[in-house]
Asker: 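Supplied in structure tokens, the structure appears directly below.
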Amino acid sequence: MSQQIITRFPPSPTGYLHLGGARTAVFNWLYARHTRGRFVLRIEDTDMQRSTKESVDAIFEALDWLGIDWDEGPYFQSQRFDIYKEYINRLIQSGHAYYCTCTPEAVDRMREAAKARGDKPRYDGTCREKNQQWQEGAVVRFKSPLSGNTVVEDIIRGDIAFSNTELDDFIIARSDGSPMYNLAVVVDDITMNINTIIRGDDHISNTPKQILLYQALGAAVPDFGHVPMVLGPDKSRLSKRHGAMSVTAYRDMGYHPDAMVNFLVRLGWSHGDQEFFTRDELIEKFNLEHIGRSAGVFNPEKLLALNAEHIRNAPAQALAGHLMPFLKEKGISAAADDYLYGVIETLKPRSKTFVEMADGAEFYFVDKPAYDEKAAAKFLKSDLLPPMKQLTEAVAALGDFSEKNLEEIFKQVMETAGLGFGKIAQPVRVALTGKTVSPGIFEMMLALGRDRVIARLNDAVSFMARQSG
RNA sequence: GGCCCCAUCGUCUAGUGGUUCAGGACGCCGGCCUCUCACGCCGGUAACACGGGUUCGAAUCCCGUUGGGGUCACCA
């Protein structure tokens, strides 16, 4: 029995959770759930300048909507400075790190000079062997090896070798004593027992530094898996200019979280030809072996199609909660009851989003549908009054308000009037909904219920009687 | 620019040397179904970046070219 998988998602609260970050979260969460492991949430807010409370809340909100829960945390790096300090001191004492008193300006100058020579801009090691004690303004640098290689054994990409000469003595603690990213992550991952790190491939070049840190601290190096980035339609890295990129923006546009998760996972991971996955299926089938290596372009149209499919396939009861906020926004107060479920059932195949579903649901909840002018002019004409009257009376006289009986009534009316089904159905449709487009006549009548149907039919008959010609 | 990663239809992808003149999905274009609109169904469009190898045989392995991306902070 191998050890339990422990993954984590460590967003930095410097903005909303975007699609790329969400996918990383989903991958880690899914892998933990799939392996019955643990999933840890950690907020990386060591950059006090850029981190905000609003961003932290936005991230929680987005994860909550996506249905991603965590077993541990959230930890906040800003509350763990003592731990980092301890590890930094340990590194200094063991000779793996040292105080550097070079000013930022001096470092800038050496970088400029290196660039001018055509070399890689880097710290030149001025303080490396000075063995200095702490003093005001000093930073702590990691003493990188001067030779050799550091190999990242990537689960997804295989071995990636970096020459240690590429690494300079990077800062692990700022002059105010606060930890830098690479140090904080490694210390956190060690102390939180993270053994599987799945993250964006923009972190690949950080990995050798982190591995060196693990080794200097005598800790076991975790498994790394770098997933490709999510690109915008122009194949550049996802950013604000690509439009709605925050996860919650999709919630507000009427997307189903399961569709979002499904979409995000399929962007980079595959299970043969399967496109549609329920959440449970994903947990059952997700693995690291089938994650691709090339970057993927975000395709909103596919997300939309997948969303429609998730809406079609979910039971009405499960959809109601997602739909209600949109109904409310339209001033419709609906309860999650059988009436709503019936309504949803008729709307499922014609709604790509909950926004569309709410639009389509509107006529079910008004007292009297507002007749579309053109629709009324075309179908609620007085010449159709006799059949409409006959139909209305027959429906009112109906004992059992069933689809079978309704169909029978339509048949009789068609026969008497000598008209085809369409000629009768359209006026009825307008009478019931005010529009020429709607769910099927019978399913709609059943969803509306006997009383509403009769009332609307009567209204239409009155309306038609008032028409001339 | 240095280092690193990547490369199958417009997009997401299947494919792990032969059963593939490359399969699925989204989109698009036809058609069917039909009470409107959808759903659904049927069909079509469209790809192995290029050049060298290796091999009896390469989308699959190797090298190069080109293209794209990432990263080089007292950001994460």
Side-chain angles (χ1 to χ4, degrees), chain A residues 10-14 44-47 49-51 77 100 102-104 107-108 111 115 118-123 137-141 152 154 156-157 160-163 165-168 170-182 184-185 200-208 226 228-229 231 233 235-237 263 266-276 289-290 292-306 308-309 312 346-352 356 360 375 379 410 420-426 428-430 433 435-442 444:
Chain A
S12 63
T14 54
E44 308 212 324
D45 56 352
T46 56
D47 183 352
Q49 312 299 320
R50 301 198 303 149
S51 300
Q77 291 190 324
C100 167
C102 296
T103 62
V107 176
D108 279 346
R111 276 200 253 269
K115 226 187 255 178
D119 289 344
K120 182 187 169 80
R122 63 205 325 252
Y123 177 65
V139 298
V140 179
R141 285 181 185 277
V152 178
D154 196 281
I156 296 166
R157 295 159 199 278
I160 306 168
F162 291 84
S163 167
T165 56
E166 285 295 319
L167 278 24
D168 68 351
F170 56 95
I171 294 176
I172 57 177
R174 300 185 180 91
S175 51
D176 65 1
S178 63
M180 287 288 286
Y181 170 72
N182 283 119
V185 200
D201 68 10
D202 51 333
H203 283 285
I204 289 182
S205 52
N206 277 323
T207 312
H226 289 94
M229 311 241 71
L231 271 26
K235 299 204 175 192
S236 75
R237 190 182 188 154
F263 173 77
R266 271 280 5 226
L267 185 51
W269 175 81
S270 62
H271 184 74
D273 283 340
Q274 188 172 348
E275 300 282 350
F276 181 90
E289 288 82 72
H290 290 281
R293 283 134 305 169
S294 52
V297 173
F298 169 65
N299 180 188
E301 290 181 326
K302 185 144 185 173
L303 205 209
L304 219 212
L306 210 43
E309 198 172 346
R312 279 200 299 278
T346 69
L347 263 15
K348 271 163 57 171
R350 13 199 154 233
S351 308
K352 289 186 192 303
E356 285 186 18
F379 297 109
F410 270 76
F421 191 92
K423 292 290 181 197
I424 304 295
Q426 277 312 81
V428 171
R429 190 183 310 283
V430 177
T433 72
K435 295 171 293 188
T436 54
V437 172
S438 85
I441 286 291
F442 300 118
M444 185 167 63

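Only heavy atoms go into these numbers, but all of them, side chains included; no hydrogens, no water, no symmetry mates. Since the model is a prediction, treat every value here as computed from it, not as a measurement. Each chain gets a letter, A, B and so on, in the order its sequence line appears, and its residues count up from 1.
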Asker: Just the rounded figure in Å: distance from C1' of B:A73 to CD1 of A:Ile172.
Answerer: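 Going from CD1 in A:Ile172 over to C1' in B:A73 covers 16 Å.
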Asker: For A:Phe162, answer base if it contacts any base atom (sugar-phosphate contacts may also be present), sugar-phosphate if it contacts only those atoms, and nothing otherwise; contact means non-hydrogen atoms under 4.0 Å.
Answerer: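 A:Phe162: backbone/sugar contact only, no base atoms under 4.0 Å.
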Asker: Would you say A:Phe170 and A:Met180 make side-chain contact, with heavy atoms under 4.5 Å?
Answerer: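 No; the side chains remain at least 4.5 Å from each other.
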Asker: Round to the nearest Å and state the distance from A:Met229 atom CE to B:U71 atom P.
Answerer: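 That distance rounds to 7 Å.
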Asker: Provide, to the nearest angstrom, the distance between the CD1 atom belonging to A:Ile171 and the P atom belonging to B:A76.
Answerer: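 Rounding to the nearest Å, CD1 of A:Ile171 and P of B:A76 are 11 Å apart.
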Asker: Expressed as a whole number of Å, how far does the C1' atom of B:C33 sit from that of B:C12?
Answerer: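 Roughly 30 Å separates the two C1' atoms.
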Asker: CG of A:Leu347 versus P of B:C37: gap in Å, rounded?
Answerer: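 Taking atom P of B:C37 as the reference, CG of A:Leu347 is at 16 Å.
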Asker: Heavy atoms under 4.0 Å, any strand shown: does A:Asp168 hit a base, just sugar-phosphate, or nothing?
Answerer: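 The residue A:Asp168 makes no contact with any strand.
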Asker: Could you check whether A:Val139 gets within reach of a base, just the sugar-phosphate, or nothing at all, counting any heavy atom under 4.0 Å?
Answerer: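 Base contact.
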Asker: By the 4.0 Å heavy-atom rule, please label A:Ser163 as base, sugar-phosphate, or nothing.
Answerer: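 Here A:Ser163 touches no strand at all.
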Asker: Applying the Watson-Crick and G-U wobble criteria at under 3.5 Å, what pairs with B:C50? Answer none if nothing qualifies.
Answerer: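 Looking at the geometry, B:C50 pairs with B:G64.
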Asker: Output the rounded distance in Å from CG (A:Asn299) to P (B:A25).
Answerer: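 Answer to the nearest Å: 15 Å.
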Asker: Quick one: label A:Arg122 by what it contacts on the DNA or RNA (base, sugar-phosphate, nothing), any heavy atom closer than 4.0 Å.
Answerer: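 A:Arg122: no heavy atom of the nucleic acid under 4.0 Å.
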Asker: Just how far, in rounded Å, is C1' of B:C26 from CG of A:Leu267?
Answerer: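 The distance from CG of A:Leu267 to C1' of B:C26 comes to 13 Å, rounded to the nearest Å.
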Asker: Heavy atoms only, 4.0 Å cut-off, all strands: where does A:Gly440 land among base, sugar-phosphate and nothing?
Answerer: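 Base, at least one base atom sits under 4.0 Å.
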Asker: Under 4.0 Å, counting only non-hydrogen atoms across every strand here, what does A:Arg293 touch: a base, just sugar-phosphate, or nothing?
Answerer: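 Here A:Arg293 touches the backbone only, sparing every base.
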Asker: Using atom P of each nucleotide, how far apart are B:G67 and B:G27 to the nearest Å?
Answerer: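 The answer is 34 Å between these two P atoms.
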Asker: Classify A:Ser270 by what it touches in the nucleic acid, base, sugar-phosphate, or nothing, heavy-atom distance under 4.0 Å.
Answerer: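 Sugar-phosphate only.
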Asker: Taking the C1' atom in each of B:U8 and B:G68, what is the distance between them to the nearest angstrom?
Answerer: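 The answer is 16 Å between these two C1' atoms.
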Asker: Describe the nucleic acid contact of A:Glu275 in one word from base, sugar-phosphate, nothing, applying a heavy-atom distance below 4.0 Å.
Answerer: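 If one applies the 4.0 Å heavy-atom cut-off, A:Glu275 turns out to touch a base.
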Asker: Looking for any heavy atom pair under 4.0 Å, which part of the strands does A:Gly200 touch: base, sugar-phosphate only, or nothing?
Answerer: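 Here A:Gly200 touches no strand at all.
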Asker: Any base atoms under 4.0 Å from A:Ile441, or only sugar-phosphate, or nothing? Heavy atoms, all strands.
Answerer: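 Result for A:Ile441 = base.
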Asker: Students often get this wrong, so: under 4.0 angstrom with heavy atoms, is A:His203 touching a base, only sugar-phosphate, or nothing?
Answerer: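 Counting heavy atoms under 4.0 Å across all strands, the contact made by A:His203 includes a base.
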Asker: Is any side-chain nitrogen or oxygen of A:Arg141 closer than 4.0 Å to OP1 or OP2 of B:A73?
Answerer: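 So the side-chain polar atoms of A:Arg141 never come under 4.0 Å of the phosphate oxygens OP1 or OP2 of B:A73.
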Asker: Please determine, for B:G43, whether a Watson-Crick or G-U wobble partner exists with both distances under 3.5 Å, and give it or none.
Answerer: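 Per the H-bond distance test, B:C29.
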Asker: Quantified in whole Å, what is the P atom distance between nucleotide B:C6 and nucleotide B:A49?
Answerer: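 Each nucleotide's P atom is 15 Å from the other's.
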Asker: What is the distance from CZ of A:Arg350 to P of B:U34, rounded to the nearest Å?
Answerer: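 Spelled out: CZ on A:Arg350 to P on B:U34 is 16 Å.
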Asker: Whole angstrom is fine here: how far is it from CG in A:Asp201 over to P in B:G69?
Answerer: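 After rounding, the reported distance stands at 13 Å.
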